[in-house]
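Single-structure report; data block below.
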Amino acid sequence: MNKPAYAAVDWGTSSFRLWLMDAGDTVLAERRSGEGMTSAAQTGFPEVLAAHLSALEAPSDLPVIICGMAGARQGWVEAGYVDVPAPLPAVLAGAVRVSGIDRDVRILPGLAQRHADAPDVMRGEETQLLGALQSATESTQIVCMPGTHSKWVTVTNDLVTGFATFMTGELFDLLSKHSVLSHSVAGAGSFDADCPAFLSAVEAAFRAPQRVSNILFTVRSGTLLQDLSPTDAAARLSGTLIGLEIAGALGSAAEHPMIRLVASGKLRSLYESALSVLSLCFQTIDADEAVRRGLSAAAHKILLAKPEEQP
């Protein structure tokens, strides 16, 4: 096996992902678990990291680069935020070194938007952004990163000029479990991204976002009056929320820059179908690959570079 040069870690609220990497950024080994920030705060962040590195027989002096919620105020060490507008390399300069342990561990900061009328924060997605835009050629880009809290970011010539968070995934969870709509989606199965109920709901919410609370109620009324199945009800709920998100992110402009969709798994297929049915131009980048590329870029600048070359 090639010699490991560093470990890259994406530490979320409820998930932990670690990749053992060589100097050429090839993945040598991988570990995944549910030991996110919430769990690690109880167990101990150093202990969780050490256990995973030990399981991979990583050298005791192997440096580690981390992004995500390990840098939150409730995390391991608070890494703070870099204020936008900001060039993406500014994220690297804001990395914080963890004290009190033998190995070199750095945690990347998040991004903050301090507009009085649109305050916003991200933590972890800035590293996906760094990886997703390494091969970009357009001067202005819109980047969509779906999730529990989806992020839409505007980047101009490597300068992050602004971003917005949409609580799409969390709203789906709340409405499907704790609202009158829960009766309609109870027992729903998995639906495909080309499901007609999903696609028509995307279009309806995108075309008339001001009617979204009415469109949402049709999940219930459709069940009562039109024999809408639980699976189609869930698809309509999902499509409505995703259509609303896209409308809010893009506004009323007739033309939009190329959208870079950073996603994987089912979210990838849902957002690809949603953007396609709306005739929006997009390019998909795998989310896991993007975060690894971002962490690798950070590792080379912070951990592996000569002292005079570090940010």
Discussion item. Going by the rule salt bridge (Lys or Arg N to Asp or Glu O under 4.0 Å), which residues pair with Asp192 if we only count those two or more places apart in sequence or in a different chain?
Written reply: none
Worksheet entry | Residues forming a side-chain contact (heavy atoms from CB on, under 4.5 Å) with Ala72, sequence neighbours excluded | Met37, Met69, Gln74, Arg123
Practice prompt. Not counting sequence neighbours, which residues clear ring-ring contact (aromatic ring centres under 6.0 Å, His included) with Trp19? List them please.
Written response: none
Worksheet entry | Carboxylate-amine/guanidinium proximity below 4.0 Å for Asp61 and Arg103 | no
Discussion item. By the salt bridge (Lys or Arg N to Asp or Glu O under 4.0 Å) test, which pairs, at least two apart or in different chains, include something from residues 279-290?
Written reply: Arg17-Asp288, Arg32-Asp288, Glu289-Arg293
Fill in: Set of residues satisfying salt bridge (Lys or Arg N to Asp or Glu O under 4.0 Å) with respect to Asp194, sequence neighbours excluded
none
Worksheet entry | Residue pairs involving residues 166-175 (criterion side chain to side chain donor-acceptor pair (under 3.5 Å); sequence neighbours excluded) | His149-Glu170, Thr168-Glu245, Asp173-Lys177
Worksheet item: Applying the 4.5 Å side-chain criterion to the ILVMFWY set and letting contacts propagate, would Leu159 and Leu129 be lumped into a single cluster?
Response: no
Worksheet entry | Members sharing Tyr81's hydrophobic cluster (side chains within less than 4.5 Å) | Val121
Fill in: salt bridge (Lys or Arg N to Asp or Glu O under 4.0 Å) contacts in which one or both residues fall within residues 36-52, not counting sequence neighbours
none
Worksheet item: Going by side-chain heavy atoms closer than 4.5 Å, which hydrophobic residues are tied to Leu224, directly or by a chain of links?
Response: Leu225
Discussion item. Using the salt bridge (Lys or Arg N to Asp or Glu O under 4.0 Å) criterion, which residues pair with Asp232? Sequence neighbours excluded.
Written reply: none
Discussion item. For a quick check under 3.5 Å, do Thr284 and Tyr271 share a side-chain donor-acceptor pair by atom type?
Written reply: no
Output a table of donor-acceptor pairs, distance under 3.5 Å, between side-chain atoms of residues 263-270 and any protein atom two or more places apart or on a different chain; print 'none' if there are none.
| residue | atom | partner | partner atom | Å |
| --- | --- | --- | --- | --- |
| Lys266 | NZ | Phe191 | O | 3.2 |
| Arg268 | NE | Glu272 | OE2 | 3.2 |
| Ser269 | OG | Lys266 | O | 2.8 |

May I have the list of side-chain donor-acceptor pairs in residues 48-60 shorter than 3.5 Å, sequence neighbours left out?
| residue | atom | partner | partner atom | Å |
| --- | --- | --- | --- | --- |
| His52 | ND1 | Arg31 | NE | 3.1 |
| His52 | NE2 | Glu35 | OE1 | 2.7 |

Discussion item. Side chains of Tyr6 and Asp25 only: does a donor on one sit below 3.5 Å from an acceptor on the other?
Written reply: yes
